[in-house]
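Below: one structure, written as structure tokens.
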Amino acid sequence: MWRFRVETKLLRGLLNTFRTNGTCCHVSGKKWVKPSGFDTGLKTYNSLTKQKEPLVLAREGVATWYSCGPTVYDHAHLGHACSYVRFDILQRILSSFFGVTIVHAMVITDIDDKIIRRSWEENVSPAVIARMYEDEFKKDMLSLKVIPPAVYLRVTENVHHIVLFIDRIIRNGHAYATKEGDVYFDIQSIGDRYGRFAGAVESQGEAGSSSKRDQRDFALWKQSKPQEPFWESPWGRGRPGWHIECSTVASCVFGSQLDIHSGGIDLAFPHHENEVAQSEAYHQCDQWANYFLHSGHLHLKGSAEKMSKSLKNYITIKDFLESYSADEFRMFCLLTKYRSAIDYSDSSMSEARSSLGTISTFIHDAQAYMKGQLQCSAVQEDLLWERFAETKSAVLKALSDDFDTPRAVSALMNLVYHGNCQLHPVSMPDGGVRSPAVFGAIITYIREVLEVFGIDPLYRKEADVLSGSGSLQAVVEQLTHFRSEVRAFALTRQDDSTTGSSKKPGLYPDRIPLLKACDSLRNDLAPLGVLIKDRGATSTWEIKAGQRGQDKGQETSS
């Protein structure tokens, strides 16, 4: 008996060496191989190599993209939102700036220990819990303007595929069933190919059966426990492990080759590590996913811990949207690199809101100038055209460098600054040449870039609802026009014959109360979201949500 055990261990060791040397998986070690195919012209940080790599796709103009979806047992929070919005922005950039069609698939984990536990607490079936929070998640994503994937797939609807996937891994010699009815992946069977992501080498593995060959081995199939949902399998009744669901679903959609896999940095190990091991063991391939993109954690400012349900330090997406808009959250995400950790606070949200407000105000002022409502001194048109060209180049360069959105936004804000420097209101036009075309080009470009990011700088939810009555904007237009005529009358200066003085003619004293009334009307409307700006002898208006008090820099007539 002892001799048999020794021989079995020797045979297993020889088999492991045989597989590792390449007959089974073809490649020894963890070396990344640059794919052949279509070079997008963009470099991105690849977690597989821990450095920036040229993004090369298998098919020209098409990227296959898989992302891990939520485990639907509770409300989605801002930590989830941050990751999904960031990757939505990356996909939009890849599509609009680099002409790549994204084929995106996402799995919904609708059976899990946490879902089962929640169903017991609520005394309903796990399916009811899962569907309820899945629907809520999808609504949250739409409210944040996240483009849905080409397809959502549920784990429970793919269990038959998962069983076949596991069976083939066993037949390929990389997994084993225990007498208790569990199935584990055999880490030793792939040798030094395990450990592409940080943490894998030091890992002690997950808890499980004492029948595991190696403590690092992880579950592909779990035997059913009393009162738990189960499915039939060759190993007995049970349900899938966590990691195998993503490998199976991604393979069902994309086959043996995947361009991009994304997720939060907390999923790199063990989840993505185990996905890679399973998928390459199943497909017998050298490199299953070519690029892994990971987003940084969201922290509450002052806390080193990530926002999570288990720590009870989260803000739900629904609650967040009571105070801020989706556009403001997107700008918040844009102001840091997608790979970086990000601090959430009222001050960081105020910065995002302020940036959007600056852009919105500039666009409105530039439009007023184009309409002839804003009289300005002569514009340095050549300088603006030069700044415009420099900005376009800088934005494309930034986005080509691992989707560097902070640098791209900085370039846009710099263009806004130079545009604002040229919009100097004057009381009386000097009759010089006007330059509306360059401002038209600038605001069109800024809006196009922000729309790629999923932001509309001129959209205001409350104003849109109010204007749905079909009359608000027309009323404001008429009111502003009437007020402008009153101001023009009140600002008329006395001529020399009337004053009988050699001093510069002043205003008619009896008309000054009219100017004060115009100022009062303007200031009273501001808290209601109607902003009237006096530009010398002319006035412009806009409707803004959440505006409080007089606008900075607003001149007073009187």
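C376 approaches P425 most closely through the heavy-atom pair SG-N, 4.3 Å.
Ring orientation note: the planes of F292 and H261 are close to parallel, at an angle under 30° on the 30°/60° scale. Ring geometry, H297 versus H299: the interplanar angle exceeds 60°, so the pair is classed perpendicular (tilted spans 30 to 60°).
With respect to R487 and D534, a salt bridge is recorded, a charged nitrogen being found less than 4.0 Å from a carboxylate O. Salt bridge status for E157 with R154: present, with a side-chain N to carboxylate O gap under 4.0 Å. Classification of E134 and K138 as a salt-bridged pair holds, one side-chain N sitting under 4.0 Å from a carboxylate O. No salt bridge links K114 with D74; every basic N to acidic carboxylate O contact stays at or beyond 4.0 Å.
Looking at V85 and F329, their side chains come closer than 4.5 Å, going by heavy atoms from C-beta outward. Looking at heavy atoms from C-beta onward, L153 lies in side-chain contact with N158 at the 4.5 angstrom threshold. Inter-residue side-chain proximity for Y291 and L258 is flagged as unmet; no heavy-atom pair is nearer than 4.5 Å. Put simply, the side chain of R511 reaches to within 4.5 Å of the side chain of F489, judged on heavy atoms. At least one side-chain heavy atom of T358 sits under 4.5 Å from a side-chain heavy atom of V416. Side-chain contact check for F38 versus V62: every heavy-atom pair is 4.5 Å or farther apart. Considering only heavy atoms from C-beta on, I315 stays 4.5 Å or farther from H77 through its side chain. D140 has its side chain within reach of E136: a pair of non-hydrogen atoms, C-beta onward, lies under 4.5 Å apart.
Side-chain atoms of T109 and D112 include no donor-acceptor pair closer than 3.5 Å. Of the N and O atoms on the side chains of S262 and H294, not one donor lies less than 3.5 Å from an acceptor on the other residue.
Each of K43, R407, K337 was evaluated against D401; a single residue qualifies, R407, per the salt bridge (charged side-chain N to carboxylate O under 4.0 Å, His left out) test. Test R483, R522, K533 against S539 for side-chain contact (heavy atoms from CB on, under 4.5 Å) and you get one pass: R483.
Here the side chain of Q257 pairs no donor or acceptor atom with the backbone of F254 at under 3.5 angstrom. Although no hydrogens or angles enter the test, the distance criterion places a donor-acceptor pair under 3.5 Å between the side chain of T444 and the main chain of G440. E273 places a side-chain N or O within 3.5 Å of a backbone atom of F197 that can act as its donor or acceptor partner. Looking at W32, its side chain does come within 3.5 Å of a backbone N or O of N290 through a donor-acceptor pair. For the pair D259 (side chain) and A58 (backbone), a donor-acceptor distance under 3.5 Å is present. A donor-acceptor contact shorter than 3.5 Å is absent between the side chain of S325 and the backbone of L321. S410 places no side-chain N or O within donor-acceptor distance of the main-chain N or O of P406, the cut-off being under 3.5 Å. No donor-acceptor pair closer than 3.5 Å links the side chain of E53 to the backbone N or O of K34. H418 places no side-chain N or O within 3.5 Å of a backbone atom of L415 that could act as its donor or acceptor partner. With hydrogens and angles ignored, the 3.5 Å screen pairs a side-chain donor or acceptor of K145 with a backbone N or O of G454.
Here the CG-CD1 distance, from D319 to I317, works out to 10.5 Å after rounding to the nearest 0.5 Å. Atom CG of L450 is separated from atom OG of S360 by 10.5 Å, given to the nearest 0.5 angstrom. Between the NZ atom of K392 and the CG atom of L412 there is a distance of 12.0 Å, given to the nearest 0.5 Å. Rounding to the nearest 0.5 Å places OG of S247 at 9.5 Å from NE2 of H272.
The list of ring pair (Phe, Tyr, Trp, His ring centres under 6.0 Å) pairs with a residue in residues 129-152, not counting sequence neighbours, reads H75-Y133, Y84-F137.
Judged by the 6.0 Å and 45° rule, R353 forms no cation-pi pair with Y324. R339 forms a cation-pi arrangement with Y45, by the criterion of a distance under 6.0 Å to the ring centre and an angle within 45° of the ring axis.
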Inset, instruction - Walk me through it: do T336 and R86 pass the test side-chain hydrogen bond (donor to acceptor under 3.5 Å, both in side chains)? - result: CA-CA 10 Å; T336 57; R86 281 170 151 181; 3.0 Å; yes
Inset, instruction - Evaluate side-chain hydrogen bond (donor to acceptor under 3.5 Å, both in side chains) for S348 paired with D343, printing each intermediate quantity in order. - result: CA-CA 7 Å; S348 58; D343 284 334; over 6 Å; no
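Scored by the ring-ring contact (aromatic ring centres under 6.0 Å, His included) test, H271 finds W242, H243 as partners (sequence neighbours excluded). For R434, there are no salt bridge (charged side-chain N to carboxylate O under 4.0 Å, His left out) partners, not counting sequence neighbours.
Crowding of E390 atom CD: a count of heavy atoms from other residues, nucleotides or ligands under 6.0 Å exceeding 12.
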